[in-house]
> 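Before we start, here is the structure in question, set down as structure tokens.
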Amino acid sequence: MKKLVLALALALSCTHLAMAAPQKAEGIGDGKHGDVKIEVTFDQGKIQSIEVLEESENKMLAKHVFTTMKDNIIKHNSVNVDGIGGATVSSNALKQAVQAAADKAGVKLSTEQTNTQVALDMPQEQTFDVVVIGGGGAGFAAAIEAADMGKSVVLLEKMPSVGGNSVISGGSLNAADNWAERNLGVLDDTPYMHYEDTMVGGDNLSDPALVRVMTDNALDASLWLRDYVDVNYYDDYATQFGGHNRKRAIMPVGHTGVEVIGKMSSFAEKKGVKIITNIKADELIMDKEGRVVGVKASNGGKVYTFNAKNGVIIATGGFGANVEMRKKANSFYDEKFLTTDLPGTTGDGLVMAEKVGAELIGMEHIQTYPLSDPITGAIELIANPFMFGGIIVNNKGDRFVEELDRRDVISLGILKQPGEYAFVVWGDNTEKKGNYEKSYAEEYAAFTKAGIMFKADTLEELAKMAGIDEKGLMDTVKKVNGYAATGKDLDFNHRAGLDALDKGPYFAIKGVPSIHFTMGGIRIDTRARVLDAAGKPIPGLYAAGEVAGGVHGSNRLGGNAYTEIIVYGRIAGREAALSNR
Ligand code: ADP
């Protein structure tokens, strides 16, 4: 009996040994917007679950990182899985965090190659009234409008998530005489003034008719977004972007395109638009009479045909991330430039349109965003104080440009400075206007960690931290404080007035110009119809948004991208729905 008890006890303790309790370990990865912190539960040397404790990644683009990709990591017990296109940094951050947790727990993950490609489960040929290519702001505006006209609509997006560059932008939209402008006491703005600023801002190289339609319909577009699509905008906050003579840009709550695109995509879905991601449009189908009647698209080597009874709308965005296309259009913008754009910004729509006879115009006009992250090329939203009374200086502490000048002027100015970078410097007076440190807390943390963001109680200390010449900065600030008092900037004639830098804390952020927007593109008319070289519309084909040319001339003004995508996206949707009645 004694023997039996002993054997039983031994057997039990062995089982207990073999079934070691699940282990938990934390890991941290470097996300695009700060740390990605997770807790992984391991059991028997395998990942059981991953809990995301902290992350501030783009809610739309990184959605699949924390769902599909996370599930793949668990399923394959490996970080050797495909990342999510358009969210590479977030994907790598999660992998890094899981690996760190595994190292901590002493767990060896699988290193086998995995195949996590998403296969599409649908017929290879389908027919809709309207086919929209591209899931950015222009694509959604077009899709919603066409659906509202009773049409069946499919929207094709090549990336795993919709949104395009529209979702990573600040989401501001210019509309003269908008509610926020009025609430701030600006009562004399008009669509014509917006038109004039846009024309002058693009060196009068835009098509006046296209610009007039955009500025005349801007207020309507803003009300459509706010009151119909239910996008939340601030009531009492408006931005005066460079080149504008009024504070006419409304801003979505949270100051990111996530609010706008998030609402537009769920609205489109509610309206019955079929949204397909991970599918790349490759070619337009033209019938014998020269009408565009569909799109050929692909996923994982499989070809899908989408017939369009009414029309096809190209809304594929620009070509800022396509270095070869950029160099062909303008050799100045070669590989030495980073880009603020998502990797899907490769100009596919331009190639497809040109093949069916569309004319491309203004391709040489490429815009850099003046103050971007020197490491990744991403826009630095926390550098925005340069539009609200802060100053731009070089590393000698000198100003060299009017802070409210056009993006191209500021960018070219920066490229002439030592090291080809600049700093935005501001004090408490400016900080109080937008609470930038708090509003962009993730950027603040990430940029501080990266050594390009600085905060100090005194200007001397700030200069030392940032590597700006101390005496140079002090001399500049002395002058600026004088200009702030008189309201007259004797050096660069700042149009809205500079703030005094006479109270800390002081801030500085380092930035470089990065490719941001391609002004040229498919030639369209005011009905968003695609035109050929003879100026004749190609039946059944429409284009809207960054892929279209003619609206911004040589240089796009801040806040006009959203105005264009909503105004022309809606027009394209309407026109396509009405075509071939
Ligand atoms: P816009 O501001 O003009 O709407 P965005 O950059 O916001 O432009 O959106 C364009 C979208 O089009 C992006 O999401 C991009 O991934 C998508 N896109 C680009 N080329 C293709 C293609 N060949 N097929 C499907 N989608 C595409």
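Start at 1 and go down the list; that is how both ligands and their atoms are numbered.
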> Taking A176's backbone N and O only, do any of them form a donor-acceptor pair with R246's side chain (distance below 3.5 Å, no angle check)?
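No: the side chain of R246 does not pair with the backbone of A176.
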
> What protein heavy atom sits nearest atom 2 (O) of ligand 1, and how far away is it?
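Nearest protein contact, heavy atoms only, for atom 2 (O) of ligand 1 is S166 OG, 3.1 Å.
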
> What is the ring orientation for H244 with H194, classed by angle as parallel under 30°, tilted 30 to 60°, or perpendicular over 60°?
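Ring orientation, 0 to 90° scale: tilted.
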
> Can you pull out the closest protein heavy atom to atom 9 (O) of ligand 1? Residue, atom name and distance to 0.1 Å, please.
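So the nearest neighbour among protein heavy atoms is G136 CA, 3.3 Å.
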
> Checking the side chain of D525 only, and the main-chain atoms of P537 only, is there a donor and an acceptor separated by less than 3.5 Å?
no

> Do side-chain atoms of N322 reach the backbone of M325 as a donor and acceptor pair under 3.5 angstrom?
yes

> Any atoms of ligand 1 less than 4.0 Å from a non-hydrogen atom of G135? List them with their elements.
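So the answer, numbered in order with elements, is 11 (C), 12 (O).
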
> Using non-hydrogen atoms of the residue, decide whether I279 is closer than 4.0 angstrom to ligand 1.
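Within the 4.0 Å threshold, so yes.
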
> Does ligand 1 come near enough to M159 that some N or O of the ligand is less than 3.5 Å from an N or O of the residue?
no

> I'd like to check which ligand 1 atoms, numbered from 1 as shown, lie under 4.0 Å from a non-hydrogen atom of A315.
10 (C), 11 (C), 12 (O)

> Using a strict 4.0 Å cut-off to heavy atoms of L156, name the atoms of ligand 1 that fall inside it.
25 (C), 26 (N)

> Are the side chain of K158 and the backbone of N278 linked by a donor-acceptor contact shorter than 3.5 Å?
no

> Can you report which non-hydrogen protein atom sits closest to atom 16 (O) of ligand 1, along with the distance?
E157 OE2, 2.6 Å

> Tell me the contacting part of D348 for ligand 1: side chain, backbone, both, or neither, using a 4.0 Å heavy-atom threshold, strictly below.
side chain

> Could you walk me through whether L415 and F337 pass side-chain contact (heavy atoms from CB on, under 4.5 Å), step by step?
CA-CA 11 Å; L415 293 175; F337 286 91; 3.9 Å; yes

> Below 4.0 angstrom from a heavy atom of G545, which ligand 1 atoms are there? Numbered from 1 as shown, please.
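Answer, ordered by atom number: 3 (O).
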
> Main chain of V81, side chain of K95: is a donor-acceptor contact present, judged purely on distance under 3.5 Å?
yes

> If you count the atoms of ligand 1 from 1 in the order shown, which ones are under 4.0 Å from a heavy atom of I133?
24 (N), 25 (C)

> Give the ring-plane orientation class for Y440 versus Y436, where under 30° counts as parallel, over 60° as perpendicular and anything between as tilted.
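Aromatic pair Y440/Y436 classed parallel.
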
> Atoms of ligand 1 less than 4.0 Å from G344 heavy atoms?
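Atoms satisfying the 4.0 Å criterion: 19 (C).
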
> Given side-chain contact (heavy atoms from CB on, under 4.5 Å), test L541 with I314 step by step and report yes or no.
CA-CA 8 Å; L541 190 60; I314 306 179; 3.9 Å; yes

> Between S514 and G377 (side chain of the first, backbone of the second, donor and acceptor by atom type, cut-off under 3.5 Å), is there such a pair?
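Confirmed, S514 side chain pairs with G377 backbone.
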
> For atom 3 (O) of ligand 1, what's the nearest protein heavy atom and its distance?
E546 N, 2.9 Å

> Would you mind running through ligand 1 and noting each atom that sits below 4.0 Å from a heavy atom of K280?
23 (N), 24 (N)

> Could you tell me the residue and atom name of the protein heavy atom closest to atom 25 (C) of ligand 1, and the distance to it rounded to 0.1 Å?
K158 N, 3.3 Å

> May I ask you to identify, for I565, whether its side chain, its backbone, both or neither come under 4.0 Å of ligand 1 on a heavy-atom basis?
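Just the side chain.
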
> Suppose we measure from atom 4 (O) of ligand 1 to each protein heavy atom; which comes out shortest, and what is that distance?
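For this ligand atom, the closest protein heavy atom is A138 N, 3.0 Å.
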
> Going by atom types alone, do K296 and T305 pair a side-chain donor with an acceptor below 3.5 Å?
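Yes, side-chain donor-acceptor contact under 3.5 Å.
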
> So for ligand 1, is A281 a polar contact partner (N or O within less than 3.5 Å, distance only)?
yes

> Could you check atom 8 (O) of ligand 1 against the protein and tell me its nearest heavy-atom contact, residue, atom and distance included?
G317 CA, 3.4 Å

> Which bit of A561 is near ligand 1, meaning a heavy atom under 4.0 Å away: side chain, backbone, both or neither?
neither

> Can you see which heavy atom on Y304 is nearest to which on S298, and at what distance?
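Closest approach of Y304 to S298: CD1-CA, 4.5 Å.
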
> Could you list which atoms of ligand 1 come closer than 4.0 Å to a heavy atom of G163?
7 (O)

> Tell me: protein heavy atom nearest atom 5 (P) of ligand 1, and distance?
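Among all protein heavy atoms, the one nearest atom 5 (P) of ligand 1 is N165 N, 3.5 Å.
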
> Please determine which of R556, R406, K247, R248 meets the salt bridge (charged side-chain N to carboxylate O under 4.0 Å, His left out) test together with D197.
R248

